[in-house]
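Beneath this line is the structure, given in structure tokens, with notes to follow.
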Amino acid sequence: NAGVTQTPKFQVLKTGQSMTLQCAQDMNHNSMYWYRQDPGMGLRLIYYSASEGTTDKGEVPNGYNVSRLNKREFSLRLESAAPSQTSVYFCASSEAPHRPPYEQYFGPGTRLTVT
Amino acid sequence: QQPVQSPQAVILREGEDAVINCSSSKALYSVHWYRQKHGEAPVFLMILLKGGEQKGHEKISASFNEKKQQSSLYLTASQLSYSGTYFCGTGLEGAQKLVFGQGTRLTINP
């Protein structure tokens, strides 16, 4: 099992460019999440999908859109990248926060730089 | 609202003990603990649920004070492999998401 995979691993964009970060999981989890991690800020939730067909905003959704393509895949799109979106992006999946086995499994991350 | 972790950073010698705290202003249903090594993804350590249920790795212990909405992670007889940044994630009853704290950086020296 690959667990949670993310593509690309690294990306450099110019201000105003768009891109889509891809995430896939092979654990048959219902819930999927997109976080961004900035120094000293911890993990901040951008969007999440509690189950296939649903998506909801997290703490920092502005400037992002998501698509839950199917149960396996959850993509994050930056329509017009800004330097403030320079960050490390993690995708995660879980059965559900309050259902066994509880834990969120994280992908390896995408390091995005916007110049 | 983001939970508050303390301390922000701690440096220990191998074999010493550490306590990392996580505090919330909201009535919590669960507290999750994760560890992240530099350049890697966070990894689950344990979960503490309202009512006393706990699940996690054998060598990790933690507590959850439901009255104070505080959790503490206890790292005893620390090993070099314990180094990393520790995050608590808090969940409300019925919520489908976690809110993570800002992290505590733990450095273990030989």
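Every heavy atom of this structure was used, including side-chain atoms; hydrogens, water molecules and symmetry mates were not.
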A/Arg111 atom CZ, over 12 foreign heavy atoms within 6.0 Å
yes
Please indicate whether B/Gln8 has more than 12 foreign heavy atoms, meaning atoms of other residues, nucleotides or ligands, lying under 6.0 Å from its CD.
no
Looking at every heavy atom in both B/Tyr34 and A/Gln104, which two are closest together, and how far apart are they?
OH-N, 2.7 Å
Side-chain donor or acceptor of A/Tyr33 paired with backbone N/O of B/Leu98 under 3.5 Å:
no
Within-4.5 Å side-chain heavy-atom neighbours: B/Gln36 and A/Phe106:
no
Decide yes or no on side chain to side chain donor-acceptor pair (under 3.5 Å) for A/Glu59 and B/Gln2, but give the supporting numbers first.
CA-CA 9 Å; A/Glu59 303 160 67; B/Gln2 195 175 28; 5.5 Å; no
Apart from B/Val19 itself, what residues make up its hydrophobic cluster, given side-chain heavy atom links below 4.5 Å?
B/Tyr74
Could I get the full list of ring-ring contact (aromatic ring centres under 6.0 Å, His included) partners for A/Tyr47, not counting sequence neighbours?
none
When every non-hydrogen atom of B/Phe44 is compared with those of A/Glu103, the smallest separation belongs to CG-CB, 3.1 Å
Closest approach of B/Ala41 to A/Pro108 (non-hydrogen atoms, all atoms of both residues)
CB-CA, 4.5 Å
At a heavy-atom separation under 4.5 Å, does A/Leu45 approach chain B through its side chain, its backbone, both, or neither?
side chain
In this structure, are over 12 heavy atoms from other groups packed under 6.0 Å from B/Ile11 atom CD1?
no
